[in-house]
Number of protein chains: 2
Amino acid sequence: MFAGCRASETPLFRVGDKWTGRIIRCLETGPRRFSELQVPLREVTPKVLTETLRAMERDGLVKRTAYAEMPPRVEYELTALGRTLREPMAAFCEWSAAHQPEVLEARDAHERVTLAREAADRGSGRF
Amino acid sequence: MFAGCRASETPLFRVGDKWTGRIIRCLETGPRRFSELQVPLREVTPKVLTETLRAMERDGLVKRTAYAEMPPRVEYELTALGRTLREPMAAFCEWSAAHQPEVLEARDAHERVTLAREAADRGSGRF
DNA sequence: CAGAATCCCCTACGATACTG
DNA sequence: CAGTATCGTAGGGGATTCTG
């Protein structure tokens, strides 16, 4: 994963999971509350959001601050380390945004040839 | 995942899985054979490698070329689309390489405080 | 509000064995 | 060589319900 073809033992430091990247993007501009994160991350369940945030906290990417108020308030913000991830993260997002149509088009094209081949197979095998 | 906090329906286009990134890196410098990919990707099973390559092919990231020889030879290479992923991929690898120590250190530190707290809990609850 | 607890499912990944 | 075929598993992810 790292230099050249040498495989890494620690694949991408949790950036590969489903939500870490999105959370980083949501925290780019400043601290956010738990519920503020749930909104843009449409319908992420509290369990999964908590798990992901805990993991990011463990890895030193976010800092959790709980205020002893009623009702409770908790804020999450990127640490200095977490902030260094914004750039590579943004690069990926830009790539996704820019090339999404091409990927979808490639999938469609691939599906078309697959279906066509299956039809041909059925046709030749029928009699 | 993309612009700002707006969530994406297609999360990172398979870049999140365990092997896609590594494969892209291995194909950076040119076409590679199936067996040539197995070596640097230590111990990836042929099944998983095949699955990942098929998915990348479907998404238009790699091109598969089979030569009708004996013994058989198959080469994989990045498409133009796949090549555009080299840069963001490299950015991530550089980040990983540069910050791996910090992440590991953060994990250790987190584990230390967790263990310490557990010990304290046991101590206070013992009598 | 910010989660903890519980239950469940799917699929990515892997080990092993076999084939054109 | 470059795969398929089968089987098995861990855990990431989700739905639902409950609580300080």
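We name chains A, B, ... by the order of the sequence lines, and we start the count at 1 in each one. Atom set for the values below is all heavy atoms of this structure, side chains included, hydrogens, waters and symmetry mates excluded.
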In Å and rounded to the nearest 0.5 Å, what is the CE to CZ distance from M89(A) to R22(A)? 9.5 Å

Inter-residue atom distance E105(A).CD - H110(A).NE2, 0.5 Å rounding: 13.0 Å

For the helix from dC1(C)-dG20(D) to dG20(C)-dC1(D), figure out the bend between the end axes, five pairs an end, and round to 10 degrees. 50°

Quick one: [X] [atom1] to [N] [atom2], roughly how many Å, whole number?
{"X": "I23(A)", "N": "dG13(D)", "atom1": "CD1", "atom2": "P", "answer": "10 Å"}
{"X": "E36(A)", "N": "dC1(C)", "atom1": "CD", "atom2": "P", "answer": "11 Å"}
{"X": "K47(A)", "N": "dC9(C)", "atom1": "NZ", "atom2": "P", "answer": "13 Å"}
{"X": "D17(B)", "N": "dG12(D)", "atom1": "CG", "atom2": "C1'", "answer": "14 Å"}
{"X": "E51(A)", "N": "dG11(D)", "atom1": "CD", "atom2": "C1'", "answer": "9 Å"}
{"X": "Q38(A)", "N": "dA15(D)", "atom1": "CD", "atom2": "P", "answer": "12 Å"}
{"X": "E57(B)", "N": "dA2(D)", "atom1": "CD", "atom2": "C1'", "answer": "14 Å"}

Taking 4.0 Å as the cut-off, does a side-chain nitrogen or oxygen of S35(A) come that near to OP1 or OP2 on dC1(C)? no

For R33(B) and dC1(D), is the shortest distance between a side-chain N/O and OP1 or OP2 below 4.0 Å? no

Closest-nucleotide 5' rank along DNA chain D - winner of M70(A) and P46(A): P46(A)

Between the side chains of E51(B) and R54(B), is the shortest nitrogen-to-carboxylate-oxygen separation below 4.0 Å, so that they form an ion pair? no

